[in-house]
Protein chains: 2
Amino acid sequence: MATRRCQVFVSGLDAAIDVVGGKWKVLILWTLGQGTMRFGELKRALDGVSEKMLIQHLRELEQDEIVHREAHHGVPPKVEYSLTDVGGTLIEALRPLGDWGCAHKERLESLRAAEG
Amino acid sequence: MATRRCQVFVSGLDAAIDVVGGKWKVLILWTLGQGTMRFGELKRALDGVSEKMLIQHLRELEQDEIVHREAHHGVPPKVEYSLTDVGGTLIEALRPLGDWGCAHKERLESLRAAEG
DNA sequence: CGGTATCCGCGTCGATACTG
DNA sequence: CAGTATCGACGCGGATACCG
């Protein structure tokens with residue numbers, strides 16, 4: 001029943017890419033993988049991201065239970081973001097793809113520079 | 001130098017997601033993984049895709065040397081698409097992510113149905 | 001059969017300004 | 001510091017019609 005397994009595989013892939021597909025998501029994921037960070041730290045670490053997109057992606061990842069958000073209401077405000085266990089497994093699942101990308105990155109770039 | 005390796009890893013991930021991020025790309029990839037197919041077969045196999053997107057994604061994958069295009073000019077016209085060796089390695093790299101998606105798909109869907 | 005060309009809606013992304 | 005609100009540009013993706 002290889003055919004049935006394909007569909008499952010592909011739909012799993014779709015789901016995963018949906019989680020990770022946003023422009024800054026993998027970057028957020030990886031950065032958070034380094035350890036717990038506050039909102040401001042995250043923003044500085046991901047230099048170039050707008051607050052809007054950072055919040056938006058953070059909320060989505062939070063909803064998907066990939067990141068954990070812990071707010072400390074007070075003065076000054078302090079919110080800490082960290083990876084959940086599920087987030088950790090996602091990073092592991094991403095590793096082979098990251099390695100593949102590493103191995104082919106330069107070739108891809110030159111191909112696109114030449115023809116695209 | 002974990003910090004340097006992170007950047008490499010992330011940029012590799014970005015490159016990979018760029019290759020595979022289009023709406024139908026993984027599906028095309030997987031379908032072609034089953035074996036060589038003609039344009040029409042591919043279109044029927046990926047029921048619902050418009051010709052425009054199929055061609056567009058096919059061209060991009062071809063440019064990235066993920067798929068191979070072989071045209072037989074004649075009557076009737078016949079064009080066959082197949083996976084390259086690189087395409088094969090990409091599918092392998094995608095497998096853990098697909099498994100992860102499978103394992104979490106239902107949870108993700110219910111989370112999104114509830115809150116999103 | 002295997003494309004190409006064109007139009008258009010919609011969601012994504014960025015910039016900017018404002019709030020508790 | 002950690003957001004929220006709003007606006008506008010842009011590109012993806014779908015539908016349709018046409019070409020070799």
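Proteins come first, then strands; the chains are lettered A, B, ... in the order of their sequence lines, and each starts at number 1. Hydrogens, waters and symmetry mates play no part in the numbers below; they use all other heavy atoms, side chains included. All values derive from a computational prediction rather than experimental measurement.
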> Should A/Tyr81 be listed as having a side-chain N or O under 4.0 Å from OP1 or OP2 of D/dG3?
Replying inline: yes

>> Need the bend value for the helix from C/dC1-D/dG20 to C/dG20-D/dC1: angle between end axes, 5 pairs each end, nearest 10°.
In response: 40°

> Would B/Arg112 and A/Asp18 satisfy salt bridge (Lys or Arg N to Asp or Glu O under 4.0 Å), going step by step from the backbone distance to the final call?
Replying inline: CA-CA 12 Å; B/Arg112 295 188 173 187; A/Asp18 205 41; 2.5 Å; yes

> With sequence neighbours excluded, what pairs up with B/Leu46 under the side-chain contact (heavy atoms from CB on, under 4.5 Å) test?
Replying inline: B/Leu27, B/Ile28, B/Thr31, B/Val49, B/Leu54

> Among all residues two or more places apart in sequence or in another chain, which pass the side-chain hydrogen bond (donor to acceptor under 3.5 Å, both in side chains) test with B/His68?
Replying inline: B/Glu70

> For A/Glu109, which residues count as a side-chain hydrogen bond (donor to acceptor under 3.5 Å, both in side chains) partner, sequence neighbours excluded?
Replying inline: A/Lys105

>> Which heavy atom of B/Ala15 sits nearest to which heavy atom of A/Gly101, and what is that distance?
In response: CB-O, 4.5 Å

> To the nearest 0.5 Å, what is the distance between CZ (B/Phe39) and CG (B/Leu58)?
Replying inline: 7.0 Å

> When you check every protein heavy atom under 4.0 Å of nucleotides 4-20 of chain D, what one-letter string (B, S, -) results, 5' to 3'?
Replying inline: B-BB-----BBB----B

>> Between B/Lys25 (side chain only) and B/His57 (backbone N and O only), is there a donor and an acceptor less than 3.5 Å apart?
In response: no

> Near DNA chain C, under 4.0 Å by heavy atom, which residues of residues 36-45 of chain B?
Replying inline: B/Arg38, B/Phe39, B/Gly40

> B/Glu62: what forms a salt bridge (Lys or Arg N to Asp or Glu O under 4.0 Å) with it, not counting sequence neighbours?
Replying inline: B/Arg59

> For the atom pair CH2 (B/Trp24) and CG (B/Leu29), what is the distance rounded to the nearest 0.5 Å?
Replying inline: 14.5 Å

> First and last nucleotide of DNA chain C in contact with chain A, 5' to 3', at under 4.0 Å to a heavy atom: what are they?
Replying inline: C/dC13 to C/dG20

> For A/Lys52, which residues count as a side-chain contact (heavy atoms from CB on, under 4.5 Å) partner, sequence neighbours excluded?
Replying inline: A/Ser50, A/Gln56

>> Among residues at least two apart in sequence or on other chains, which ones pass side-chain hydrogen bond (donor to acceptor under 3.5 Å, both in side chains) with A/Glu106?
In response: none

> Could you state the NZ-P distance from A/Lys78 to D/dG3, rounded to the nearest angstrom?
Replying inline: 13 Å

Contacts under 3.5 angstrom, residues 73-92 of chain B side chains, donor-acceptor by atom type, not counting sequence neighbours:
{"unit_1": "B/Tyr81", "atom_1": "OH", "unit_2": "B/Arg69", "atom_2": "NE", "d": "3.3"}
{"unit_1": "B/Thr84", "atom_1": "OG1", "unit_2": "B/Glu65", "atom_2": "O", "d": "2.7"}
{"unit_1": "B/Thr84", "atom_1": "OG1", "unit_2": "B/Ile66", "atom_2": "O", "d": "3.1"}
{"unit_1": "B/Thr84", "atom_1": "OG1", "unit_2": "B/Val86", "atom_2": "N", "d": "3.4"}
{"unit_1": "B/Thr84", "atom_1": "OG1", "unit_2": "B/Gly87", "atom_2": "N", "d": "3.1"}
{"unit_1": "B/Thr89", "atom_1": "OG1", "unit_2": "A/Trp100", "atom_2": "NE1", "d": "2.9"}
{"unit_1": "B/Thr89", "atom_1": "OG1", "unit_2": "B/Val86", "atom_2": "O", "d": "2.6"}
{"unit_1": "B/Glu92", "atom_1": "OE2", "unit_2": "B/Arg95", "atom_2": "NH2", "d": "3.1"}

> What pairs with B/Glu51 under side-chain hydrogen bond (donor to acceptor under 3.5 Å, both in side chains), at least two apart in sequence or on another chain?
Replying inline: B/Lys43

